[in-house]
Amino acid sequence: MGSQEQDESDRLRRISRWAGRGGIAAGLAGAAFFGWVMAGAFLSGTGAADAAPRDLCSLIPTEDASRIVPLARTTHRTLPRSDVRNEAECEMTSSDAWTKDGGRYGRLRIGLDRHGTSRHGDGWEEARETYNWSEEYDSGDGGTPRDVPGLGEKAYAETRSESASSPGQSGVRAVAQLTVLLGKDVLTVDYTAEPSSPERAHEVAVAVARTVLGEL
């Protein structure tokens with residue numbers, strides 16, 4: 001009888017020890033998981049995005065800017081969304097004086113998205129996702145984007161013509177929209193000109209993109 005009581009007592013002690021070890025292991029696992037979750041909540045990534053230029057407009061030579069956007073009013077801004085994405089934007093638009101004496105109108109917008117590493121992927125993956133989403137959106141919006149070879153890693157563009165904006169103006173208004181992927185950067189160039197042609201507007205957008213990419 002004493003032997004049975006001793007065996008039962010030993011068995012209960014072994015169960016208690018294993019239960020204690022299991023509780024400690026579960027506690028450690030829970031603490032590790034909580035630490036991982038909290039790190040994910042507060043750490044946005046391991047690689048910050050490159051700083052965006054403070055003034056994208058300044059990358060376009062003054063004489064070129066005055067030709068493609070006559071009588072331009074210029075604005076620019078940078079927008080650091082977080083340490084994993086930086087944006088810059090430049091816009092040049094002809095002032096109201098362009099309508100006098102059958103003048104020329106131009107509007108140029110340049111946008112730059114610079115990506116860093118986030119929890120969802122590194123900067124290269126983030127940039128490609130942005131580029132692919134943009135191309136998919138433009139294709140699904142009734143557009144017909146076409147590849148532009150020899151520009152960045154890959155690029156696509158859309159062009160179209162519109163009616164002249166003012167009754168007193170002759171010719172047509174042309175629009176070119178260009179998107180370029182290069183490394184961790186996505187560059188967009190939107191150019192509108194009047195009077196012009198889609199082919200000429202496209203050439204200007206490509207030339208602007210080459211200039212900006214060469215200066216980054």
#### Entry: Beyond-backbone contact of D185 with L112, side-chain heavy atoms, under 4.5 angstrom
yes

### SG on C57 to CZ on R77, rounded to 0.5 Å
11.5 Å

## Note on the structure
Note: A174 and P198 closest approach over all heavy atoms is CB-N, 3.6 Å

### Query
Does a salt bridge link R107 with E91, judged by any charged N lying under 4.0 Å from a carboxylate O?
yes

### Task
Report the distance from atom SG of C90 to atom CZ of R109, rounding to the nearest 0.5 Å.
9.5 Å

### Message
Does D64 form a side-chain contact (heavy atoms from CB on, under 4.5 Å) with T211? I'd like the steps, not just the answer.
### Response
CA-CA 11 Å; D64 293 339; T211 298; 5.6 Å; no

### R128 vs L181 side-chain heavy atoms within contact, under 4.5 Å
yes

## Note on the structure
The single option from L151, L182, L178, I110 that satisfies side chain to side chain contact (heavy atoms under 4.5 Å, CB included) with L187 is I110

### Query
V208 versus Y191: any side-chain heavy-atom pair under 4.5 Å?
no

## Note on the structure
Rounding to 0.5 Å, atoms CD (E63) and CD1 (I68) come to a distance of 11.0 Å

### Query
Got a second to check how far S58's OG is from E215's CD, nearest 0.5 Å?
8.5 Å

### Query
Which heavy-atom pair separates V186 from H115 by the least distance, and what is that distance?
CG2-NE2, 4.4 Å

### Task
Determine yes or no for a side-chain-to-main-chain donor-acceptor pair under 3.5 angstrom, with S94 supplying the side chain and G106 the backbone.
yes

### Query
Is E135 reaching over with its side chain to a backbone N or O of N132, donor-acceptor style, under 3.5 angstrom?
no

### Summary
In terms of heavy-atom contacts, A49 and N86 come closest through O-ND2, 3.4 Å

### Query
Are V204 and L71 grouped together when hydrophobic residues (ILVMFWY) are joined by side-chain heavy atoms under 4.5 angstrom apart?
no

### Query
Any sub-3.5 Å donor-acceptor pair from Y156's side-chain atoms to S134's backbone N or O?
yes

#### Entry: Non-hydrogen side-chain atoms of R114 and P53 separated by less than 4.5 Å
yes

### Task
State plainly whether one hydrophobic cluster holds both M92 and L59, where clusters connect Ile, Leu, Val, Met, Phe, Trp and Tyr through side-chain heavy atoms under 4.5 angstrom apart.
yes

### Query
Shared ILVMFWY cluster between V189 and I60, side chains joined below 4.5 angstrom?
yes

### Query
Are V69 and T93 side-chain neighbours, meaning at least one heavy-atom pair lies under 4.5 Å?
no

### Query
Is the shortest distance from a Lys or Arg side-chain nitrogen in E126 or K184 to a carboxylate oxygen in the other one below 4.0 Å?
no

### Query
Counting only heavy atoms not in R200, do more than 12 sit closer than 6.0 Å to its CZ atom?
no

### Query
Do you reckon V148 sits in the same ILVMFWY cluster as L216, going by side-chain contacts under 4.5 Å, direct or chained?
yes

### Salt bridge present between R85 and D113 (N-O < 4.0 angstrom)
yes

#### Entry: D147 and K154, any side-chain heavy atoms less than 4.5 Å apart
no

### Task
Specify the closest pair of heavy atoms between T159 and A176, including all atoms of both residues, with the distance to one decimal.
CG2-CB, 4.0 Å

### Query
Any ion pair linking E162 and R160 (charged N to carboxylate O, less than 4.0 Å)?
yes

### Gap between atom CG of L56 and atom CD of E89 - 0.5 Å precision
9.0 Å

### Task
Kindly indicate whether the side chain of P195, heavy atoms from C-beta on, has any atom under 4.5 Å from the side chain of R104.
yes

